[in-house]
Structure formats: structure tokens, C-alpha cells
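First the structure, in the form of C-alpha cells, and then the observations on it.
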Amino acid sequence: MKGLKIHLQNWIRLNAVEGIGIARKLELLRMFKTPEALFEVDRKEWIGLGLRPDQADSLLCLEKLQEGAEILKQAERKGIRVIPIDHQEYPEFLRYIHDPPLVLYVKGEIPKGLCFGVVGSRKATGYGMDAAFRLASDLAGEGCIIVSGMARGIDTAAHTGALHAGGVTIAVLGCGPDHVYPPENRGLMDRISKNGAVISEYPPGVKPQSYHFPVRNRIISGICIGVLVVEAGQKSGSLITAQAALDQGRDVFAIPGNINHQYSQGTNRLIMEGAKLVLSAEDILEEIPWSLSALPRHRKSPVPRDDQLTHEESLILQTLKTEDLYHDQIAEKTGFPGYILFSSLLQLELKGLVRKDLTGRYAIVLY
């Protein structure tokens with residue numbers, strides 16, 4: 001156990017070394033095999049091997065060793081596992097991109113199998129949310145592991161769709177996995193970690209920063225066999241993910257949208273430039289080379305039946321079948337007191353049957 005801790009500390013230490021890029025670190029690892037071996041080389045030898053003096057000093061800085069020990073302690077305390085690139089759980093496709101993260105911080109267990117990314121606008125339309133939910137649900141039902149970024153809008157719909165189908169999903173964060181971002185996705189994050197994994201290259205304690213998200217997008221695409229962009233403006237972060245996918249040799253798919261809507265401009269442009277137009281999950285499934293994976297596909301489990309719902313939950317669903325409603329409107333129609341209503345709505349959200357939009361209205365989800 002002590003040897004494993006030291007090994008993980010050395011991976012974290014190497015990951016934290018500044019002034020040396022990931023690709024260069026990987027070259028050094030190919031030469032010396034392990035992080036431990038790197039730290040046994042003295043400064044003079046490193047300079048002889050082509051490192052600049054400042055790079056050699058950064059590599060041999062003992063403060064980084066202590067930093068690695070502290071990060072590992074914090075991760076253990078928060079139930080976060082450290083998965084270095086040489087670990088068998090590390091995603092296979094991700095390992096071979098140009099700049100893979102040397103270390104992943106994980107809540108849950110990274111599932112094995114073919115992964116597919118579903119991304120899009122945070123300010124999604126109802127059309128986009130429904131499309132992302134339905135397609136992610138259908139793909140998860142056929143055995144795909146759905147990967148997204150747990151952001152508002154399309155990402156949230158994609159994760160929820162996968163879970164609704166009884167599938168597994170991976171959320172890639174732009175912060176440490178001890179931070180819930182956005183905060184309203186706490187319940188979703190808990191469900192993902194129990195039915196897949198929440199992962200990040202950022203250690204616990206790191207807060208979300210705007211510049212983290214474009215960097216993490218290469219991980220979303222790198223894990224996957226392909227990426228679907230559901231809605232995106234002309235300068236959307238989802239287009240960064242699509243470009244990363246193309247750079248990594250992945251297939252890019254897109255949902256067509258209203259030519260007059262700003263959040264369809266990016267996806268329609270992708271289609272013009274060669275992305276495959278998607279109208280249903282079958283358009284994606286026919287392109288997936290299942291032969292690349294010798295692992296079983298993750299088949300869906302049944303969604304909750306009426307007899308698995310409480311009386312209150314069933315009545316709320318019946319009420320929402322006709323229209324989207326605010327909680328006070330639901331209370332008026334059902335007659336439930338506040339404490340029962342909020343408890344039942346929370347359970348329905350956790351089961352993936354109801355979602356609340358940015359205005360506070362509750363909507364039924366493919367029930």
C-alpha cells in the first residue's frame with residue numbers, strides 16, 4: 001500500500017511539473033519507463049539530455065513531491081481516486097491522443113466499452129434538450145457509454161438521457177471532482193458517479209475557471225469514438241470539442257437546426273463542412289465500429305414502471321403530461337402540501353423522469 005501511494009504521488013508530482021509539456025513528459029517516460037526513474041536522474045544529466053536548466057529544476061523540485069502527497073491525502077479524504085495513464089482503468093482511446101492527461105481524478109468507476117460524446121449549447125432550446133435526451137437515451141440503450149461535460153443545457157440532457165435508459169455515462173469536468181459545477185447538478189453528479197464516473201484532470205480543490213473548459217474538451221472527444229454536436233453557436237465551446245475530435249481522428253456528427261436560430265448556426269455549419277447529419281440514433285449506430293471493442297455493450301435496464309412510483313409521483317407525472325408547470329401550479333393541480341411536493345419532485349428528477357428548466361418550470365422527460 002505504501003509503495004502504491006508513493007507511485008501515485010510521483011505521478012501527481014510529474015503532472016504538476018511546469019515548463020514541460022505533456023508530449024515531452026511522455027517522451028521522457030518512454031525513455032525511463034516510470035515517474036520514479038525520472039526523479040532519480042540528476043540535474044546535470046537532464047541538461048545533457050536536452051532539458052533547459054529551468055525545466056530540470058522544475059522536474060527535480062522537491063516541493064512538487066510534497067504537493068503530490070497533499071493532493072493524494074485530499075483525494076482519499078473526499079473519496080476521489082487517482083488514475084494515472086498506466087492504470088488499467090484509464091480510458092484506452094484517451095491514452096493515445098497527442099496530449100493525454102497524465103493523471104485523472106475520478107469519482108465512481110470508469111466504465112469499459114465504446115464511448116460516444118454528446119455536447120452542445122448551455123443555453124439550449126427545448127428542441128435541442130429533447131433531441132439530446134432522446135438520442136443519448138437511445139444510444140445508451142444500444143450499449144454506448146455517453147460522455148459529456150455536465151454543463152447546463154445539452155450536456156445535462158445527454159447525461160440524464162443515458163441514465164434514464166439505464167445506461168452508464170461519464171462526466172468530464174473543468175474543475176476538481178469535489179466541486180459541483182453548475183451547482184444545481186449536484187443530484188445529477190451523484191447519479192453519474194454511481195452509474196459511471198465523474199472525471200477531471202484537475203485535482204480536488206481546483207475551482208472552475210473559464211480557460212479550463214476548452215482544455216477539458218480534448219478529453220471528452222479523446223475518450224470517444226465519435227462526437228455529436230446538438231446545438232452550437234458560431235463561437236461555441238462545442239465547436240472546440242468538434243475540432244478536437246477531428247484532430248484526434250474521431251467522427252463528428254451534428255443535429256440540423258433552424259437556420260434562423262443562433263444556436264443552430266454552428267451545427268448547420270459543421271454539416272456543410274462534412275459532419276454527418278443526424279436525424280435518429282440509427283444514423284450514428286450504423287457508423288460505430290463495434291468490432292473495435294471486445295467488451296460487452298452496456299444494455300439498458302428498464303425505466304421505472306408505474307408500480308415502482310409512489311402515488312404522489314404518478315399523479316405529478318400525469319399532471320405534467322399536458323403542459324410544463326411551475327411548482328405552485330403543480331401544487332394547485334394536485335393539492336399536495338409543499339413538503340410532499342418538493343420531496344416527490346426531487347425523487348422524479350433523480351429518477352430522470354422530470355427536469356426543471358432555467359425558468360423554474362418542471363417538464364416531463366420522455367415518460
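Side chains are part of it too, since the values below use all heavy atoms of this structure and drop only hydrogens, waters and symmetry mates.
The aromatic rings of F336 and H311 lie perpendicular to each other, with more than 60° between the two planes, well past the 30° mark.
Side-chain contact of Q74 with E70: a donor-acceptor pair under 3.5 Å is absent, judged by distance alone. Counted by atom type alone, S137 and H164 present zero donor-acceptor pairs between their side chains at under 3.5 Å.
Between the side chain of N10 and the main chain of H7, no donor-acceptor pair closer than 3.5 Å is present. No side-chain donor-acceptor contact under 3.5 Å links D99 to the backbone of I22. Listed for the S200 side chain is a donor-acceptor partner under 3.5 Å among the backbone atoms of C175.
No side-chain heavy atom of T310 sits under 4.5 Å from any side-chain heavy atom of Q347.
Partners of E63 according to the salt bridge (Lys or Arg N to Asp or Glu O under 4.0 Å) rule, which considers only residues two or more places apart in sequence or in another chain, do not exist here.
Applying side-chain hydrogen bond (donor to acceptor under 3.5 Å, both in side chains) to D155 and the options S148, S121, S238 leaves one that passes, S148. Screening L228, V229, T267, L279 for a side-chain contact (heavy atoms from CB on, under 4.5 Å) with I255, the sole residue that qualifies is L228.
Here ring-ring contact (aromatic ring centres under 6.0 Å, His included) pairs that include residues 253-281, with residues two or more places apart or in two chains, are F116-F253, H261-Y263.
Looking at E92 and R95, a side-chain N of the basic residue comes within less than 4.0 Å of a carboxylate O on the acidic one, giving a salt bridge. Checked for salt-bridge contact, R52 and D54 meet the test: a charged N lies under 4.0 Å from a carboxylate O. Looking at R30 and E27, no side-chain N of the basic residue comes within less than 4.0 Å of a carboxylate O on the acidic one, giving no salt bridge.
For the pair R216 and Y181, the cation-pi criterion (under 6.0 Å, within 45° of the ring axis) is not fulfilled.
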